[in-house]
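The next block holds one structure in the form of structure tokens; read it before the comments.
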Amino acid sequence: MVALTEKTALLRGRAKSLDEVTRLNLWNFRATDLSILQQMPNLEVLNLSASNLTSLRDIAACSKLKELYIRKNSIESLEELSHLRGLLCLRVLWLSENPCADADDYRLKAVQALPQLHVLDNVAIEDDERQDASVAALSDSRMCSTGNSLSIDQSDGHSRQRSVRSPTSSTSSATSRHGNHVLSAVLTLLNTLDGDALQTVVMAAQTQLSTTALMQASAAEGSTQSNVMGTEDKRTMERLVEHA
């Protein structure tokens, strides 16, 4: 196993400590252990092209990353992009010449997974691409919901029995996937809005948050009152028993 060491990272990053590294060129480095990247919170530009990279897991901690160059690697699945979803500052990604980039809908899926991007494979992402990605995300969301509903209604007795055994976990999983697709679609659409439209979205979100907070407070108050009434009823029954 070849690991990226602190000494190498500081040398190539031209820094005195890991938290001072902002740019790191590891082109053709071919390390199998990049876990030290998790100790570089201020990293903004990272080049790992031609490095036999198979996973993006260790990059997930680089919250300030703006540019990522990882072409000519061995990334098989676009699911690896999920590790980059939380990198909200990421604007440039170069992913071409990886096995995952051979899919016909590769660019659509990449934009759908990472709506924060501005440039993919040295080509600017257009508004129509974002809209297509948003439509695809919403379509996937509806398919998830429909699939969950159909799975409950099976003609085979064994299938019905399995559904009865764990309905909560099945519904929870489908709900989580549905929420992820919707969130991805919303984030994609935000990148196409102008200042006025974004202000409208902010106001609507604030209104929704206020409404949700009021509903939660009301529910909590109702629960408290119910508990108080239950206590009073219990005391009344005890007094009746004593007099009986």
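The residues of the chain are indexed from 1 along the displayed sequence. We use all heavy atoms of the structure for the numbers below, so side chains are in, but hydrogens, waters and symmetry mates are not.
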Nearest 0.5 Å, please: how far is [atom2] in [Y] from [atom1] in [X]?
| X | Y | atom1 | atom2 | answer |
| --- | --- | --- | --- | --- |
| L90 | S63 | CG | OG | 11.5 Å |
| E80 | C100 | CD | SG | 8.5 Å |
| K72 | W27 | NZ | CH2 | 7.0 Å |
| L93 | D121 | CG | CG | 6.5 Å |

Validation row: [X], [Y] side chains within 4.5 angstrom (heavy atoms):
| X | Y | answer |
| --- | --- | --- |
| T22 | L43 | no |
| I36 | E6 | yes |
| L117 | V92 | no |
| L24 | L37 | yes |
| V111 | Y106 | no |
| D33 | L4 | no |
| V21 | N42 | no |
| I125 | V119 | no |

Take L78 and K109 through the side chain to side chain contact (heavy atoms under 4.5 Å, CB included) test and state the conclusion after the steps.
CA-CA 8 Å; L78 287 173; K109 293 293 186 183; 3.6 Å; yes
Shortest non-hydrogen contact between A3 and A31, atoms and distance:
C-CB, 4.5 Å
Short question: side chain of [X], backbone of [Y] - any donor-acceptor pair under 3.5 Å?
| X | Y | value |
| --- | --- | --- |
| S49 | N47 | no |
| N98 | N73 | yes |
| Q39 | D19 | no |
| T5 | T8 | yes |
| R85 | L114 | no |
| R91 | L88 | yes |
| S51 | L26 | yes |

Count the heavy atoms belonging to other residues, nucleotides or ligands that lie under 6.0 Å from [atom1] of [X], then report whether that count exceeds 12.
| X | atom1 | result |
| --- | --- | --- |
| R30 | CZ | yes |
| D104 | CG | no |
| Q38 | CD | yes |

With salt bridge (Lys or Arg N to Asp or Glu O under 4.0 Å) as the test, would you mind laying out the steps for E129 and R107 before giving the verdict?
CA-CA 9 Å; E129 290 184 286; R107 193 171 173 88; 2.5 Å; yes
Is a side-chain donor-acceptor pair under 3.5 Å present for Y69 with N122?
no
Looking only at side chains, do E76 and T54 share a donor and an acceptor under 3.5 Å apart?
no
ILVMFWY network linking L108 to L120, side-chain heavy atoms under 4.5 angstrom
no
Mind checking whether W94 and L34 sit in one hydrophobic cluster, side chains of I, L, V, M, F, W, Y counted as touching below 4.5 Å?
no
When you look at E44 and K64, which way does the salt bridge (Lys or Arg N to Asp or Glu O under 4.0 Å) test go after all the steps?
CA-CA 6 Å; E44 296 181 358; K64 294 185 180 180; over 6 Å; no
